[in-house]
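Below is one structure, written out as structure tokens; the observations come after it.
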Amino acid sequence: MTRKYFKLAGLAYLASVTFPILLLWLARLYPANVFNGLVMILILAILTGLIFSRVDVTWLILILTTIGAGFLLLGYVVMPVKEKFLLLIAYPIEASLVTVIRQHIIRWSFFTNRNDEIRHYNSLYDRRLKLKTFDSAEKFYQNELHKIEQHPELDLWSNVQIVSWDQHKQYAEAHPNSHDRILKQITKVLKNNRLKGEFIYFMGDATFLIISPEIPQ
């Protein structure tokens, strides 16, 4: 989400609030029927913008504004032009502003949820090495412990091993280009040599965890 996007959303929100306030402030100078009619139109516009999609709102604005213009401008309605103008612009402008706000909220919610999903996925999986990470290993290990505690009569157990690349940080400082390549090679060797029932996790800091449920050393 860019700063420009937040500014536009803020301006749209400010306009959707100040526009009806301004209209009602102007309408107080006119008869009560104009003020009450304007209030009803604004409520209808807000509900339309909150409930219907952008396409539906567009069609409703075109249809209702055309009908309203026909009654106020072409029909026999004794009313000053300024009052007619306020009644005509209230619905399309407010409905459009509320629709924009609703779209911003939906979009912001989507990106927020998406970012949360991405962060959660990155906490469980290392895309560079294509291995699950510490959080996944912790969940799996806790599940294995739960099974062992719940069924002591079955004599369940798991073998846990750690494979670590010592002094990899010093090597990364001296050979930054080949560090990742060697780390991927280590991952490949571990994957190719693990047994079918073994699970490999990347713990970070060039450290791998291998969990072997019920597999002898």
Membership question, hydrophobic clusters at under 4.5 Å side-chain separation (ILVMFWY): are Leu145 and Phe134 in the same one? yes
Could you measure the distance from the OG1 atom of Thr99 to the CD1 atom of Ile51? Nearest 0.5 Å is fine. 11.0 Å
How long is the straight-line distance from CG of Leu154 back to NZ of Lys147, given to the nearest 0.5 Å? 11.0 Å
For a 4.5 angstrom cut-off between non-hydrogen side-chain atoms, does Lys188 reach Lys184? no
Contact summary for Arg128 and Asp180, nearest pair of heavy atoms: NH1-OD1, 3.2 Å
Trace of the side-chain hydrogen bond (donor to acceptor under 3.5 Å, both in side chains) decision for Ser158 with Tyr141: CA-CA 9 Å; Ser158 291; Tyr141 186 70; over 6 Å; no
For Phe35, which residues count as a ring pair (Phe, Tyr, Trp, His ring centres under 6.0 Å) partner, sequence neighbours excluded? none
Distance (rounded to the nearest 0.5 Å) between His151 NE2 and His146 NE2: 7.0 Å
Sidechain-backbone polar pair: Ser136 side chain, Lys132 backbone, donor-acceptor under 3.5 Å: no
Closest contact, heavy atoms only, Leu24 versus Val39: CD2-CG2, 3.6 Å
Of the non-hydrogen atoms in Ile200 and Lys191, which two are nearest, and what is the gap between them? CD1-N, 3.9 Å
Please report, to 0.1 Å, the donor-acceptor pairs under 3.5 Å made by any side chain of residues 162-171, with sequence neighbours excluded.
residue : atom : partner : partner atom : Å
Ser164  : OG   : Thr207  : OG1          : 3.3
His168  : ND1  : His179  : NE2          : 3.2
His168  : NE2  : Asp205  : O            : 3.4
His168  : NE2  : Asp205  : OD1          : 2.6
Tyr171  : OH   : Ser178  : OG           : 3.0

Hey, could you give me the CD/CD1 distance between Glu144 and Ile148, rounded to the nearest 0.5 Å? 6.5 Å
State, to 0.1 Å, how close Glu94 and Ile46 come at their nearest heavy-atom pair, and which atoms those are. OE2-CG1, 3.8 Å
Looking only at heavy atoms, which two atoms of Gly197 and Pro213 are closest? And how far apart? O-CD, 3.3 Å
Rounded distance (nearest 0.5 Å) linking atom CG of Leu131 with atom CE of Met203: 11.5 Å
Does Ile89 belong to the same Ile/Leu/Val/Met/Phe/Trp/Tyr cluster as Leu42, with side-chain heavy atoms less than 4.5 Å apart forming each link? yes
Are Tyr201 and Thr133 close enough that some pair of their side-chain heavy atoms sits under 4.5 Å apart? no
Joint cluster assignment, Leu195 & Val189, ILVMFWY side-chain distance < 4.5 Å: no
Which residues pass the ring pair (Phe, Tyr, Trp, His ring centres under 6.0 Å) test with Phe208, not counting sequence neighbours? Phe202
Closest heavy-atom pair and its distance - Leu209, Ala137: CD2-CB, 3.9 Å
Spell out, yes or no, whether Leu23 and Ile43 are grouped together once hydrophobic residues are joined by side-chain heavy atoms under 4.5 Å, including indirect joins. yes
Quick one: does Arg194's side chain get under 4.5 Å of Ile210's, heavy atoms only? no
Got a second to check how far Lys196's NZ is from Ser212's OG, nearest 0.5 Å? 15.0 Å
